[in-house]
Each structure stands twice: as C-alpha cells, then as structure tokens.
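So the structure is just underneath, and the comments pick up after that.
For clarity, every value in this text was computed on a predicted model and none was experimentally measured. Just the heavy atoms: all of them, side chains too, but no hydrogens, waters or symmetry mates, feed the values below.
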Amino acid sequence: MSQVQLAVYDLTRGLARSMSGAILGQQIDGIWHTGIVVFGYEYYFGGGIQKSPWGAFAQSNQLPPVQ
C-alpha cells in the first residue's frame with residue numbers, strides 16, 4: 001500500500017497575508033494550490049488534471065509546499 005500525501009502551496013508566497021487587508025478589507029492567509037502525491041507522482045488541476053514527478057511542480061515554479 002502506498003502513502004498518499006497532500007501538497008499545499010501558497011501561490012502568493014505570503015503576500016496575500018500581508019496585503020489582503022488593505023486590498024480586500026479582510027485578511028486572507030493565501031491563495032492555495034493543492035496536489036495529491038501518490039506513487040511518486042503529484043496530481044493537480046491546471047487546465048485539466050495534470051501529472052508530474054513529485055517535486056517537479058515546486059521546482060519549476062520555485063514554490064516549495066507549505067504543508
């Protein structure tokens with residue numbers, strides 16, 4: 001049996017938390033992107049269901065998972 005993980009990324013790299021109060025009138029913590037990691041691949045939605053080796057999304061977007 002393989003372990004299933006949830007990868008969570010903040011697409012704003014922390015800017016949503018610091019800027020949202022001034023822009024929206026309320027604070028939000030982030031704009032989230034998620035992926036499911038299983039069998040060494042990450043599955044995520046990006047104009048359709050996408051599949052890439054685990055870590056490739058984070059590396060190509062220079063965006064490490066926050067969780």
Side-chain angles (χ1 to χ4, degrees):
M1 180 175 272
S2 182
Q3 182 179 359
V4 178
Q5 296 176 311
L6 175 66
V8 179
Y9 305 90
D10 178 6
L11 297 178
T12 70
R13 295 179 169 91
L15 286 176
R17 179 177 288 215
S18 62
M19 303 286 290
S20 61
I23 296 171
L24 301 174
Q26 67 181 32
Q27 181 180 335
I28 60 172
D29 291 332
I31 298 175
W32 308 108
H33 169 81
T34 58
I36 301 296
V37 181
V38 65
F39 300 117
Y41 289 95
E42 181 174 1
Y43 296 86
Y44 55 93
F45 186 81
I49 297 175
Q50 306 291 315
K51 172 186 169 186
S52 61
W54 168 231
F57 176 85
Q59 185 177 20
S60 66
N61 292 289
Q62 298 178 347
L63 191 67
V66 295
Q67 181 180 19

- Mind checking salt bridge (Lys or Arg N to Asp or Glu O under 4.0 Å) for R17 and listing every partner two or more places apart, or none if nothing turns up?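 For R17, the residues satisfying salt bridge (Lys or Arg N to Asp or Glu O under 4.0 Å) (neighbours in sequence not counted) are D29.
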
- Donor-acceptor contact below 3.5 Å, side chain S2 vs main chain V38: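 Side chain of S2 to backbone of V38: no pair is present.
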
- Answer with yes or no whether the hydrophobic clustering places F57 together with F45; edges join I, L, V, M, F, W, Y residues whose side-chain heavy atoms lie under 4.5 Å apart.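 They do not share one cluster, since no chain of ILVMFWY contacts under 4.5 Å joins F57 to F45.
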
- Could I get the full list of side-chain contact (heavy atoms from CB on, under 4.5 Å) partners for S60, not counting sequence neighbours?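 Counting only residues at least two positions away or on another chain, S60 forms no side-chain contact (heavy atoms from CB on, under 4.5 Å).
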
- Task: Quick one: list whatever passes side-chain contact (heavy atoms from CB on, under 4.5 Å) with T12, sequence neighbours left out.
- Result: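 In terms of side-chain contact (heavy atoms from CB on, under 4.5 Å), with neighbours along the sequence ignored, T12 is linked to D10, L15, A16, I31.
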
- Query: What side-chain hydrogen bond (donor to acceptor under 3.5 Å, both in side chains) pairs are there with at least one residue in residues 35-52, not counting sequence neighbours?
  - Reply: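 Applying side-chain hydrogen bond (donor to acceptor under 3.5 Å, both in side chains) to every pair that reaches into residues 35-52, excluding sequence neighbours, yields Y9-E42.
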
- Task: Flag yes if more than 12 heavy atoms outside Q59 fall under 6.0 Å of its CD atom; otherwise flag no.
- Result: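 Atom CD in Q59 is not packed in, count stays at 12 or less.
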
- Query: Just wondering, more than 12 heavy atoms not from L24 lying within 6.0 Å of its CG?
  - Reply: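 Yes, CG of L24 has more than 12 neighbouring heavy atoms, counting only those of other groups under 6.0 Å.
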
- Query: Got I36 and L6 here, is their nearest side-chain heavy-atom distance under 4.5 Å?
  - Reply: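 Side-chain contact under 4.5 Å: yes.
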
